[in-house]
**Q** 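Encoded as C-alpha cells, here's the structure I'll be asking about.
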Amino acid sequence: MTDDNSDDTARTDGTGIVPPDDETPTWRERKERTTGLSRLTYEYFERSRREDQDLREESDYVERDVLAFPVWPHELIRNLALTSFFVGMIFFLSATLPPHLGAPANPSQTPAVILPDWYLYWSFGLLKLGPLNPDLAIIGGDKLLADRTYGVLANVVVVGFIAIVPFLNKGSARRPVEQPFWAAIGVMGVVFAVFISALSIKNLVPMDPHLLFDLTFLVPPLAGGMAYAILKTMREGYMYDLNRRYYKLRPPK
Amino acid sequence: MSIERKDDHDHDAWIQEKDLTPVEQSFLTVLVWLDKRLRLVDYLELLETLYYRVNLQMPKSHTEQYNLDNKFWYWYPLYSLGFFSTVAYIVAAISGALLGFYYSPSAAAGSVDIEGATVAYSTVAAIMTDLNFGFFLRSLHRWAAQVMTAAVFLHMLRVYFTGAYKEPREVNWIIGIILLSLTMVFGYTGYLLPWDQLAYWAGQIGVEMSLSIPLIGEWVAQLMFGGFSLGQATLQRMYILHVFLLPFIVTTVIAIHLALVWMQGIAEPH
C-alpha cells in the first residue's frame with residue numbers, strides 16, 4: 001500500500017486520504033520497533049501462532065482431539081433447562097420456609113446456643129481442635145500456640161491443601177475408578193467435613209462429645225480406605241470396558 | 001467538481017431513488033444517521049450471526065459422538081451446579097437490592113415496641129411484618145444465599161471427583177476456591193446484619209477468630225469489625241462489605257471464572 005501510493009503526485013481536490021509518506025511507520029513496523037516486554041509479547045504471539053499453524057498442517061487427525069466440549073450451546077442449553085427447575089425450587093422454599101428472626105442483640109446475655117450459619121460449621125469445628133494441640137516438654141508442658149491460634153491455622157492448612165490439589169495430582173485420569181487414591185482422599189475429606197461440622201455443634205448432637213471427637217478422626221480414614229478398596233476392585237472391569245471402547249474408536253498407530 | 005462527496009456509498013441518493021413509504025423512508029434516514037455516528041451495522045451483523053447460529057442443528061457433544069450418553073446422563077444435574085450458583089447469585093442480588101431500600105444499618109435504639117431492639121433489628125422486623133411481600137422478599141434473599149452456598153460446595157465436589165481441575169484448569173480451581181471463600185464471607189456478613197442474638201454472638205466469634213490470627217490479629221479485628229467489641233462500627237462495616245465491596249469483587253471474580261470456563265470448555269470425563 002505504502003509503496004504504491006508514495007510516488008503519486010499529491011492530490012489537491014481534497015477528496016483522497018493523505019497517503020502515508022515513507023517516514024510514517026505502518027502499524028506492523030511500529031509493533032516491531034517497540035522494545036522490552038511488549039516487544040517480547042508480540043514476538044511470542046507471532047511464534048505461537050506459527051507453531052499452531054505448523055502443528056495443524058502436519059497433523060493427520062481429522063477429528064478434534066477432545067479434551068472439552070463447548071459451553072455454548074451444549075452446556076448452556078442443558079443448564080438452562082435444569083436451572084429453571086432449581087430456581088422454581090428456591091421460590092418454593094422461600095414461600096414455605098421463611099427465615100427466623102431471633103431476639104434482638106443483647107451483649108449482657110450470652111445465649112445457650114451460639115451458631116454460625118451451617119456452611120461455616122466445618123470452620124467452626126476446626127477451631128475446637130484444642131485437644132490435638134501438642135504440649136511440648138521442652139517448654140514445660142506449655143503449648144506452643146494458643147488453642148484458638150491452632151484452630152485458625154488448621155483452617156489455613158485445610159484450604160491451602162485443597163488449593164494445591166491440581167499440582168499434587170497430575171496426569172490424565174479423570175474418573176474416580178481411574179484414580180482410586182485421590183477419590184479416596186476426596187471421600188475422606190467429605191466424611192471429615194461432615195463429622196467436624198457435627199463436632200462444632202456437639203451440644204446439639206445427641207452423642208457423647210468424647211465419642212464424637214474420636215469418631216471425627218477414626219471414621220474418615222476408614223471411609224477413605226473403604227472407597228479405595230471398592231474403587232480398586234471396580235477398576236479392572238471398568239478400565240477394560242473403557243479401553244475397549246476407546247481403542248475401537250481410535251486404534252493405536 | 002462539487003464540494004459534496006459523491007461515491008458508491010451516497011446513501012441519501014440511494015434512499016431517494018428507491019420508492020419508499022414515509023415510514024420506511026424515515027426509518028432508513030434515522031438508521032443511516034445513527035450508523036454514520038455509531039456504526040450500528042456492525043452490531044446488527046452480530047445479531048444476525050447469532051440469529052443464524054441458534055437455528056443451526058446442535059453439533060454432537062463428545063458423549064453423544066462416542067455413544068457414552070447412556071452412561072453419563074445422570075451426571076448432568078451435577079454439571080449444572082456452577083451455572084445454578086450463578087443464577088442463585090443473581091436472584092440474591094436482585095432481592096438484596098430490594099431489601100436494601102428498607103434496611104438501615106444502625107445500632108441506635110430502635111422501635112420502642114420491641115425490648116432492646118436496634119434500628120437495624122427494627123427495620124428487619126418491619127420488612128417482615130409491615131412491608132407488602134417483605135416476608136417473602138427476605139425469605140427469598142436468604143434461601144437464594146443458602147442455595148448458592150450449597151451449590152458452590154457441591155460444584156467443588158463435582159469438579160474434584162471428575163478430575164476437572166487437572167492440567168489446563170489449575171488456575172480456575174484456585175479462583176474457584178477464592179470464590180468459595182468469598183461466598184462464605186458474603187454469607188457471614190449478611191448473617192450479622194439483622195443484629196439479633198445469633199448475629200451478635202456470631203460476630204463475637206468472628207472477632208475472637210481474627211484476634212487469634214498470629215501477628216496481624218488485632219489489625220484484622222480492627223479493620224473488619226471496627227474494634228474489639230461489637231457496636232455501630234461493626235454493623236456498618238459488615239453492611240458496607242455486604243452491599244458494596246463484596247458485590248463488586250465477587251461479580252468480577254465470577255466473570256473471570258466463567259470467562260475461563262468459556263475459553264477452556266467443559267472438561268468431560270472420558
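Just so it is clear: chains get the letters A, B, ... in the order the sequence lines come, proteins before strands, and each one is counted from 1. Values reported hereafter were calculated over all heavy atoms of this structure, with side chains retained and with hydrogens, waters and symmetry mates removed. Owing to the predicted nature of the structure, the values given are computational and were not obtained by experimental measurement.
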**Q** Got A:P107 and B:L230 here, is their nearest side-chain heavy-atom distance under 4.5 Å?
**A** no

**Q** Heavy-atom cut-off 4.5 Å, strictly under: side chain, backbone, both or neither for A:W118 against chain B?
**A** side chain

**Q** Specify the closest pair of heavy atoms between A:P98 and B:F135, including all atoms of both residues, with the distance to one decimal.
**A** CB-CE2, 3.1 Å

**Q** Considering all heavy atoms of both residues, which atom of B:Y191 and which atom of A:L115 are nearest to each other, and what is their separation?
**A** OH-O, 3.0 Å

**Q** Does any backbone or side-chain atom of A:L127 lie under 4.5 Å from a heavy atom of chain B? Answer side chain, backbone, both or neither.
**A** side chain

**Q** Less than 4.5 Å apart, side chain to side chain, heavy atoms only: is that true for B:L140 and A:F91?
**A** yes

**Q** Looking at B:R142, B:E208, B:E115, B:K166, which one has more heavy-atom pairs under 4.5 Å with chain A than the rest?
**A** B:K166

**Q** Just how far is it from atom CZ of A:R174 to atom OH of B:Y165, taken to the nearest 0.5 Å?
**A** 9.5 Å

**Q** Any side-chain heavy-atom pair from B:F84 and A:I90 closer than 4.5 angstrom?
**A** yes

**Q** Could you grab the distance from atom OG1 of B:T118 to atom CG of A:N106, nearest 0.5 Å is fine?
**A** 11.5 Å

**Q** With chain A, which of B:G187, B:P194, B:G110 has the greatest number of heavy-atom pairs at distances under 4.5 Å?
**A** B:G187

**Q** How close do A:T149 and B:P214 get, counting heavy atoms only, and between which atoms?
**A** CG2-CG, 3.5 Å

**Q** Is it the side chain or the backbone of A:L120 that comes within 4.5 Å of chain B heavy atoms, both, or neither?
**A** side chain

**Q** Could you have a look at B:M184, B:H141, B:M156, B:M128 and say which one has the most heavy-atom pairs with chain A under 4.5 angstrom?
**A** B:M184

**Q** Measuring from atom CE of B:M209 to atom OG of A:S123, what distance do you get when rounded to the nearest 0.5 angstrom?
**A** 4.0 Å

**Q** Under 4.5 Å heavy-atom distance to chain B, tell me which part of A:V190 shows up: side chain, backbone, both or neither.
**A** side chain

**Q** Where is the tightest heavy-atom contact between A:I114 and B:A202, given as atom of each residue plus distance?
**A** CG2-N, 4.4 Å

**Q** Which bit of A:F85 is near chain B, if near means a heavy-atom gap under 4.5 Å: side chain, backbone, both or neither?
**A** neither

**Q** Below 4.5 Å from any heavy atom of chain B, which atoms of A:L97 appear? Answer side chain, backbone, both or neither.
**A** both

**Q** Mind listing the closest non-hydrogen atom pair of A:S94 and B:F136 along with its distance?
**A** OG-CE1, 3.6 Å

**Q** Counting only heavy atoms closer than 4.5 Å, note whether A:A81 contacts chain B via side chain, backbone, both or neither.
**A** neither

**Q** Can you spot which of B:V87, B:L81, B:T86 makes a side chain to side chain contact (heavy atoms under 4.5 Å, CB included) with A:T83?
**A** B:V87

**Q** Identify the two heavy atoms, one from B:F83 and one from A:N79, that lie closest to each other, and give their separation to 0.1 Å.
**A** CB-ND2, 3.4 Å

**Q** Take A:I185 and B:Y160 through the test side chain to side chain contact (heavy atoms under 4.5 Å, CB included) and record every step on the way to the result.
**A** CA-CA 10 Å; A:I185 293 279; B:Y160 181 86; 3.7 Å; yes

**Q** Got more than 12 heavy atoms from elsewhere within 6.0 Å of CE, B:M263?
**A** no

**Q** Under a 4.5 Å heavy-atom cutoff, which of B:W173, B:Y188, B:W262 has the most pairs with chain A?
**A** B:W173

**Q** For A:I162, is it the side chain, the backbone, both, or neither that has a heavy atom closer than 4.5 Å to a heavy atom of chain B?
**A** both

**Q** Which distance, rounded to the nearest 0.5 Å, do you find between the CD1 of B:I174 and the CZ of A:F167?
**A** 4.0 Å

**Q** Name the region of A:T110, side chain, backbone, both or neither, that has any atom closer than 4.5 Å to a heavy atom of chain B.
**A** both

**Q** Which of the residues B:V261, B:I205, B:T183 is involved in the greatest number of heavy-atom pairs with chain A at under 4.5 angstrom?
**A** B:I205

**Q** Look up atom CD1 in B:I114 and atom CG in A:L101, then write down how far apart they are to the nearest 0.5 Å.
**A** 8.0 Å

**Q** Is it the case that more than 12 heavy atoms not belonging to A:F92 sit under 6.0 Å from its CZ atom?
**A** no

**Q** With rounding to the nearest 0.5 angstrom, report the CD to CH2 distance, A:Q109 to B:W201.
**A** 8.5 Å

